[in-house]
Amino acid sequence: MTVEIIKENSIPLRGEFTPPGDKSISHRAVILGSLIEGVTTVRGFLSCDDTLSSAKAMMMLGVPIEIEGDRVRIKGKGLFGLSEPEDTIDAGNSGTTARLVSGLLSAQNFFSSITGDKYLRARPMERIVKPLTLMGARIWGRDGGKRLPLAIQGNKLSAIQYRLPVASAQVKSALLLAGLYADGETEIIEPTPTRDHTERMLSYFGADFEKNGTSVKIKSQKLFKGGEIQVPADISSAAFFIVAALINPNSEVLIKNVGLNPHRTGILEILKQMGGNIEILNERELNGEPVGDILARSSTLNSAEIKGDIIPRAIDELPVIAAAGCFAEGETVIKDAKELRVKETDRIKAMTTELRKLGAEIEELDDGMIIKGKEVLKGAKCSSWGDHRIAMALAVAGTRAQGITEIEDAECVSVSFPGFFDVMKRLRGR
Ligand code: S3P
């Protein structure tokens with residue numbers, strides 16, 4: 001177990017950096033790249049525990065994938081070239097791997113099984129098992145098909161029209177992948193729009209689908225043309241340093257080449273609404289994804305009420321927004337975020353428990369939190385709950401906590417941001 005220590009509070013963060021590649025896009029690059037005939041090269045790939053789980057899954061399905069730093073070369077097998085894995089696929093901690101790959105496996109003409117670590121085995125899988133079964137997949141799982149491990153006997157799938165009960169890009173993407181193989185046109189209707197990286201990448205590779213408001217329709221495909229994918233930096237990783245720059249005095253951090261997909265930029269809107277001094281520079285496009293540089297400076301933050309449609313657009317950033325709320329004037333309310341309870345850990349419980357250890361006044365709601373802003377917190381021993389984003393959000397809060405903040409089980413940052421603590425030290429000049 002690694003314990004990370006954040007010492008000396010209120011040190012300015014200064015400088016620039018490029019966060020590692022976008023996790024959601026990196027997953028999709030290795031999964032979709034495997035379904036293309038011929039070679040696809042990926043640059044800016046995020047090489048972290050989660051995306052390596054997706055790459056290993058595709059390798060177990062017979063796809064040659066070479067990874068060298070942030071460069072990946074995939075010798076795609078085409079839609080119908082995957083082969084039966086010899087062993088159970090291990091998705092590790094990655095919900096994206098488990099759900100997207102299960103969608104794909106449902107349509108193959110072979111048997112497979114998929115599992116994950118203790119955190120992922122506790123997360124809900126019924127949300128994919130139910131619609132995939134409606135399409136004709138045969139899936140068995142623990143707890144009546146609700147949890148990993150899943151055993152999947154691939155089958156010929158039929159197109160369905162499916163209204164997602166929860167806003168989830170992972171479920172949408174699992175069904176889009178299955179829909180690539182189904183007879184006819186599969187339509188997925190979302191309660192609120194979620195990240196659309198799968199749609200953008202499918203479209204970049206020439207798939208035939210229609211998007212209309214909250215509805216996405218996909219037709220079955222025979223072939224995609226290969227290409228090169230450039231992955232922008234991850235706004236979810238940038239978020240920790242945006243908040244750290246806003247809450248610490250005399251800070252100015254330039255975060256470069258960040259993906260600005262409108263379904264992911266809720267964090268910027270929320271922080272700006274809270275008074276955050278944030279500028280977007282150098283906006284451009286990379287493989288159909290908007291990209292830019294983010295300049296964040298020390299700010300005096302106000303509280304905000306965060307609820308409704310913006311929640312799915314900031315879902316992974318809510319832990320660090322809760323940390324920001326600790327230093328904002330007034331009461332910050334986060335609502336409509338029950339999904340936080342089924343992430344890598346129960347992030348509502350984890351953040352309320354751990355921020356309280358640092359002296360924060362925070363109330364747990366069934367679907368969110370109420371955070372009373374304070375000037376300073378007090379350093380304490382906290383736990384990451386084995387969740388990368390909890391570890392990083394607590395580290396950010398620790399930069400403004402008096403005394404020493406220790407984060408136990410901090411090695412889990414490697415799930416999405418392996419060099420997180422080095423960047424933190426560098427920007428703080430320590
Ligand atoms: C992701 C979708 C979101 C997000 C997760 C990554 C994706 O999960 O929280 O970190 O890559 O599609 P849900 O689809 O469960 O909301």
Side-chain angles (χ1 to χ4, degrees), residues 27-28 30-32 34-35 49-50 52-63 77 79-166 168-184 186-188 198 218 220 339 341-346:
H27 278 294
R28 285 150 174 88
V30 285
I31 296 172
L32 289 177
S34 298
L35 305 181
D49 297 350
D50 260 22
L52 293 177
S53 294
S54 282
K56 282 185 213 145
M58 299 319 296
M59 289 188 227
M60 284 180 75
L61 297 171
V63 183
K77 290 280 186 174
L79 272 185
F80 301 98
L82 302 180
S83 46
E84 184 170 280
E86 281 179 15
D87 203 347
T88 298
I89 292 171
D90 185 0
N93 190 247
S94 171
T96 309
T97 308
R99 297 198 176 112
L100 270 62
V101 170
S102 296
L104 190 59
L105 294 173
S106 296
Q108 307 304 315
N109 61 354
F110 51 72
F111 172 82
S112 56
S113 53
I114 184 161
T115 190
D117 69 7
K118 64 176 180 186
Y119 302 101
L120 188 56
R121 290 196 306 272
R123 295 180 65 186
M125 291 297 148
E126 196 187 14
R127 51 183 64 194
I128 54 159
V129 171
K130 201 172 157 199
L132 289 170
T133 305
L134 285 174
M135 293 177 86
R138 285 181 289 163
I139 308 179
W140 298 264
R142 216 158 47 82
D143 197 10
K146 293 195 182 85
R147 308 213 188 264
L148 297 175
L150 298 179
I152 303 174
Q153 177 57 59
N155 205 1
K156 259 203 135 348
L157 302 184
S158 318
I160 53 168
Q161 189 198 52
Y162 191 71
R163 216 168 258 283
L164 294 183
V166 283
S168 164
Q170 292 178 357
V171 179
K172 172 177 64 174
S173 302
L175 299 183
L176 285 173
L177 289 171
L180 282 177
Y181 294 84
D183 282 348
T186 297
E187 182 178 10
I188 303 148
T198 307
I218 180 117
S220 57
E339 272 295 297
R341 296 215 178 261
V342 292
K343 292 292 175 192
E344 284 81 332
T345 190
D346 176 343

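Heavy-atom basis, side chains included; hydrogens, waters and symmetry copies ignored.
Legend: side chain to side chain donor-acceptor pair (under 3.5 Å) pairs involving residues 128-146, not counting sequence neighbours, sorted by first then second residue: D143-R147. Residue pairs meeting the side chain to side chain donor-acceptor pair (under 3.5 Å) criterion with at least one partner in residues 101-110, sequence neighbours excluded, are Q108-Y181.
I160 approaches L134 most closely through the heavy-atom pair CG2-O, 3.9 Å. Closest of all the heavy-atom pairs between A178 and L132 is CB-CD2, 3.6 Å. In plain terms, the two heavy atoms of G179 and T186 that are nearest each other are CA-OG1, 3.7 Å. Between G145 and V129, the closest heavy-atom pair is O-CG2, 3.3 Å. Considering all non-hydrogen atoms of both residues, R121 and P149 come closest at CD-CD, 4.5 Å. Across every non-hydrogen atom of V342 and R123, the tightest pair is O-NE, 2.9 Å.
Listed by chain and number, the residues in a side-chain hydrogen bond (donor to acceptor under 3.5 Å, both in side chains) with R99 are Q170 (sequence neighbours excluded). Taking E339 as the reference, R127 meet the salt bridge (charged side-chain N to carboxylate O under 4.0 Å, His left out) condition, with sequence neighbours excluded. For D183, there are no salt bridge (charged side-chain N to carboxylate O under 4.0 Å, His left out) partners at least two apart in sequence or on another chain. Residues meeting the side-chain hydrogen bond (donor to acceptor under 3.5 Å, both in side chains) test with R341, sequence neighbours left out: D346, E364.
Rounding to the nearest 0.5 Å places CG of L35 at 5.5 Å from CG of L104. The OG atom of S173 lies 8.5 Å from the CD1 atom of I31; values are rounded to the nearest 0.5 Å. With rounding to the nearest 0.5 Å, the separation of CD1 in I152 from CD1 in I89 is 8.0 Å. Rounding to the nearest 0.5 Å places NE2 of H27 at 7.5 Å from OG of S53. S83 OG to M60 CE: the interatomic distance, rounded to the nearest 0.5 Å, is 10.5 Å. Here the straight-line distance linking atom CG of D90 with atom CG of L148 works out to 9.5 Å at 0.5 Å rounding.
L175 pairs with exactly one of T198, I128, L164, L180 by the side chain to side chain contact (heavy atoms under 4.5 Å, CB included) rule, that one being L164.
Counting only heavy atoms from C-beta outward, the side chains of K56 and V30 never approach each other to under 4.5 Å. Inter-residue side-chain proximity for L100 and L177 is flagged as met; some heavy-atom pair is nearer than 4.5 Å.
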- Given side chain to side chain contact (heavy atoms under 4.5 Å, CB included), test D50 with T97 step by step and report yes or no. CA-CA 7 Å; D50 260 22; T97 308; 5.6 Å; no

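When atom types are taken as modelled, the side chain of N155 and the backbone of L157 share no donor-acceptor pair closer than 3.5 angstrom. A distance-only check finds no donor-acceptor pair linking the side chain of Q161 to the backbone of E187 [under 3.5 Å].
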